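Read through the structure below, which is laid out as C-alpha cells, and then see the notes.
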Amino acid sequence: MSGTSAREEILARVREALGQTGGEPRGDEPGDAAGGPCAYRAASGLDEDALVELLVDRLVDYKARVEVVEPDRLAEAIRTRLEGKRFVVPEGLPAAWLDPSLEESKVTDSREARIGVELLDELDAVVTSSAVSIAETGTIVLDGSPDQGRRAISLVPDHHVCVVPVETIVGIVPEGFTRLDATRPLTLISGPSATSDIELERVEGVHGPRTLDVLIVR
Amino acid sequence: MTAVSLGMPALPPRGFGNISAVEPFPDAAHRELGNAQLRANLAHATHTIRDKRLRVVSELPDWEALRDAGSAIKAEAMSRLPELLAQFEEQFTARGGKVHWARDASEANRIAEELIRATGSQDVVKVKSMATQEIGLNEYLEARGISAFETDLAELIVQLGHDKPSHILVPAIHRNRTEIRDIFLREMPDVDPELTDEPRRLAMAARAHLRKKFLSAKVAISGANFGIAETGTLGVVESEGNGRMCVTLPETLITIMGIEKVLPRAQDLEVFMQLLPRSSTGERMNPYTSLWTGATPGDGPQNVHVILLDNGRTRALADRHGRSALHCIRCSACMNVCPVYERTGGHAYGSTYPGPIGAILSPLLTGVEAEENASLPYASSLCGACFDACPVKINIPEILVYLRGEDVEAKHGRGQAAGPNDGSPRKGSGRRRGLPTQMDVAMGAASWALTSGNRLGLLEKGLPVARALAGRDRKISRLPGLAAGWTQSRDVPAPPPESFRNWWKKRERGAADDHTDSGGTR
Amino acid sequence: MKIALFATCIVDAMYPRVAQATVQILERLGHEVVFPAGQACCGQMHLNSGYFREALPVVENHVRAFEGGFDSGEYDVAVAPSGSCVASVKHQHSMVARWAEERGVRRAGGGSGATLEARANAVGERTYELSQLLTDVLGITDASAQLGSYLPGTITYHPSCHGMRLLRLGDRPLSLLRTVEALDVVALPEAEQCCGFGGTFSVKNADVSSAMLADKVDSICATGASACAGGDVSCLMHIGGGLSREGRTSADGTPVRTVHLAEVLASTREDPLRFDGELALAGGAR
C-alpha cells in the first residue's frame, strides 16, 4: 500500500502550504487570540441546589424522566422502574442499589464476560451510574467505569435507568470536560435519542434508548 | 504594473469527487426555483431552525467569546497542522488504532475497500459523514459489490429515495413528511402499509428497518467531527443513536476524517461542544456524542482505523485568503440563514457542500480556476448573514469576494490561484483566457468613468437625454444585454434632469451671486 | 463642524434628491457642507464582482479625492447617505490595496509616501454613514425637535445588509424615523432578510435575486405602509423597481414607493416631501 508515501506527501504539502502563506500566530490555550485566555466562562458558580434544579429543568425539557431521590430511597426508586422487566447491569454497579427481589430478572455484564448483542436486544432495560453531568446542557456522561460498563449495554436496551450522584453534577461544559479523561470511551447523553431530520422538528426516540430515566441521588 | 516571477512552486493538487458543480449555479438555481414544493419545504425548515438557533444562542452570555475561542483554536490548529497530525497518529496508534493517509478521494476509497475486504464482510453500516459523501464512497463500494447502508434518518431517506443530499446536517431537508412517507412505503420491504406521515411514526419505521442491520453489522464506517492530537481521540456528534450503534457494536470501525478536523487539545472540546450543537440543530446539546481513542479492550470495536484525507485541503490551506474556510465545523448554520440557499436548496450547488460555506469551500478544494466551480462564488448577494451565524467566524462574504477576484483573474489569463507577490501567469492557470465578456466591457468602461469626478460629470451631461428616453411614465421596463437580467423583474426609474454634481455647482455659483436655491429636483 | 459629502455615484447620477436632502439636514443643523469635486465612486461594484484590477483606480481616486481635505482641515468628517458605500470605504478599500500590494500591481503614486492601505484606512476612519453621523457625532435623538422633521403618513423600514451587518447601525435609522413628527413607523416582517440586490448578483443570478425581491415586496405590502424607507438607494432602486413592475399600491390606490432616510428627515411642515408634486405619503391615514 502507498501508506508511507501518502503520509510523507501530505505532510510535505501541508508544510509547503503553510510556508507559502506564513503561519498564523499560535496561542497556547483556547481563546488566546481574543480577549485573553478563556474569555468564555470557565465555571457557573452555581450552588448545589441551583445545579440540581437546572439539571432537572434541562432533562425534563429533553423529555427525560427525572426524580431526585435520597440515598436510602434509591434502591426503591430503581425497583419501581424495573418492575416486570429484564435488565442488564454493569459488574461494578453498587449491589446496594438493587433490591434483592430484582435478582431473577438481572443479567450482569463486564468487559471480560460480555453479553452478546442478541441477548442485549431481548432485555428491556439497563441500569448504570454516570461519571459527570452538566447541568446547563442537561448532559450525562458515561466513561466506561465499572459502574457504567461497556458502551453497548447502555445503548441496545430500550430503557436506560441512569443514576446521577449529586457530587458528579457540574454547571457548564468546561467544568465537565475538566473532570473527564478523553482517552476513556466517553458517551455524552442529553435526553433520549431524537431526530430533527423530518422538517427540522424534534422527535424523541429513534435508535438509542427511547426512555431515559434519571435518578439524581442527593 | 510590474510582473515578477519568483519561481513559486506549484500549488498542492486539487481535490476530486463530489465537490464540483455540475452546471453553472444560475442555471441550476433557475430550475430549482421552479419547484414550488421545494421552496415551501425549505422555507419551513430553514425558518424553524433559525428560530431555534437564535433562542439557544441568546441563552449563553459568552457566545461571542466562545466564537472567538473557536476561531483562534482553528487558526492555531491550521498553523500547527504537520505537528498535530503526527501527534494524532502517534497517540491513535499507541492506543491500538491504525492510521492511513489518503492524498485524494480515490486513494481514500481504495484504502476503505481494502480494509473492508480484509474483514470478509460484504456490507457496512455508515454514520452520516460529509467526508464519505465528498469522496463518493457509497457509489465506489456499490460498484465493487459492497453494500453501504446509511443509518442516519435523513441519509436513509436520501438513499432510499435514490436522491442526493441537499444539506450538510439534514440531507433530506428538501423533502417534507408526506414525501418521506411515500419513499418509505415504496422502498422499505417490511414497512407497515398503514404508515402515516407523522414524524414520530416515520422515525419508528426507520428504527425497525435498521435494527437488524445494527445488531449484525461487522463493519462500520464513520466520519469524525474532531480528532484530538493530544490524545488520539475521535469524536462523532449525533442525535439518533445510529452513530453510537455504528461506533460501538461492529468489530471493525473505519473512520474517514479530513486532515483539517484535528484539534490540539482535549480541552478544546469544551469550546466546540458548546458551539456546534447550538449552531447546528439549535439545541443546547445534541442527544449523543461518542468519543473513542484507539481500541478499548473489551469495549467496542477492536479493529479500529482512521483514514486521514487531503483531497484538496492542502490546496485550500495554501490560499492565504481562503484558508479559514477549513475552520468549518460543518454545523450548517450558514445555509440555514442564507437567503440564496433558502430559495434554491442545496442541489443547485452541485457539490456535497452547499450553501455559503460550499460556495467557498468547493472552489477552494478544486481551485477556483477549475471551471466547473467558477460560478459558485457568485451565488451570494453578500448579505453577510452567514458570517454572523458562523460559530468559528469564517468571513464567508470576504472570501467570496476574493474568490471572485481570483476567478476574474483566471478568466483573463492573468491570474494565479493563491500565491503572493506574483503577477505573472502561472503554469496551469490562465486556461480560461478568452474574449472579453459583456461584464468585462461594462466593468472596464465603468472603471474608466468612475476614476475621476470630471469623467463622471461629463457622462452625467447625458442624463436629460436618458430621461427623455424613459418617456412619460418615467420608467424603463426593458433593457438589452446584461441589464436585461435587471428588467426581468424590475423597472428602472427615469434618470433625473440633472446630477447632484451639476446642481451643487450651480448652487455654489449661485451662492457666489448671493442667490439661494431652494429647489432641487424633488 | 465642516462635513465633506460623499454623494456616491448612484445618488449623484440617479438620485440627486437624496444628496440634496442630506445637505439640507446638515445645513439646518448649522454645519458647513463641502463637496470634494474629485469624488466619483467607492468601487464596490467592481470589487464585489471580482474586478479588483478595475476597482483599484476607482479606490485610489476616492482616497485622493478625500484625503487632502482631511489633511488641510477643510473638513473634519465625511458622510455618505449609503451604508454599503461607507462599508466599502471602511472595510474594502484596504482589501483592494493589500490585493494590489500582494500581486505587485502598482500604479502611478498618490503623493505622500504612505501606502494606499494606510491612506485608505485614514479616510475610512473618518467616513460615516448618515444615521451614524447624526446619532453618534451630531447627537440627534429627536428628529422632530432637532431637525424639524415632519412627514404625515405610514412608513416601514428595510435595514440594508451592509449597514446592518458591516457597520452595525443597529436601530439608529429607526430611532431617527420614529421621532419624525406625524410619521407612523410600522415594523417590516422579516426585515433582516436581504432584498436580493447584491450589486451584479441582481443580473448574474437574476432569478434568485428576483425571488428574494418578490418576498421583500410582499413583506413591505403586508405592512400597509405607503412607502418603504431605507438607507441605501441601490437596494431602494431594486425594491422600488419591483414595486413598480408589480404595480403595487397602498389602500388608497397610490403606488407604494421607496424613499431614502435622508428624504424623510429633510421633510418639514413648510416643505414636506413630494413626489411628482403630490405629498409623498398621500396614502397615509392622516
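If you're wondering where the values come from, they're calculated on a predicted model, not measured in any experiment. Hydrogens, waters and symmetry mates are skipped; everything else that's a heavy atom, side chains included, is used.
Using a 4.5 Å cut-off on side-chain heavy atoms (C-beta onward), A:T137 and B:Q274 make no contact. A:L18 is listed as a side-chain neighbour of B:R323, based on a closest heavy-atom distance under 4.5 Å. Side-chain contact between B:E89 and A:L11 is absent, with no heavy-atom pair separated by less than 4.5 Å. Using a 4.5 Å heavy-atom cutoff, the side chains of A:I189 and B:R244 are in contact. Side chains of A:V117 and B:F214 form no contact here, defined as non-hydrogen atoms less than 4.5 Å apart. The side-chain heavy atoms of A:E199 and B:P199, taken from C-beta on, include no pair separated by under 4.5 Å.
Every residue two or more places apart in sequence or in another chain that forms a side chain to side chain contact (heavy atoms under 4.5 Å, CB included) with A:A50 is listed here: A:L46, A:D47.
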### Query
Step by step, would you call B:L249 with A:V156 a side-chain contact (heavy atoms from CB on, under 4.5 Å)?
CA-CA 9 Å; B:L249 300 184; A:V156 177; 4.1 Å; yes
### Working for salt bridge (charged side-chain N to carboxylate O under 4.0 Å, His left out), residues B:R207 and A:D158
CA-CA 12 Å; B:R207 176 183 167 104; A:D158 203 15; 3.3 Å; yes
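Looking at B:I173, only its side chain comes within 4.5 Å of chain A, counting heavy atoms on both sides. Neither the backbone nor the side chain of A:E175 comes within contact range of chain B; no heavy atom of the residue lies under 4.5 Å from a heavy atom of that chain. Using a 4.5 Å cut-off between heavy atoms, B:I180 contacts chain A through its side chain alone, with no backbone atom that close. Of the atoms belonging to B:N41, not a single heavy atom falls under 4.5 Å from chain A. For B:R211, the part sitting under 4.5 Å from any heavy atom of chain A is the side chain, from C-beta outward, and nothing else. Only the side chain of B:R95 comes within contact range of chain A, with at least one heavy atom under 4.5 Å from a heavy atom of that chain. Heavy-atom distances place the backbone of B:T151, and not its side chain, under 4.5 Å from chain A. When heavy atoms are compared at a cutoff of 4.5 Å, B:N286 approaches chain A solely by way of its backbone atoms N, CA, C and O. With a threshold of 4.5 angstrom between heavy atoms, B:L210 approaches chain A through side-chain atoms but not through N, CA, C or O.
At least one donor-acceptor pair closer than 3.5 Å links the side chain of B:D299 to the backbone N or O of A:R151.
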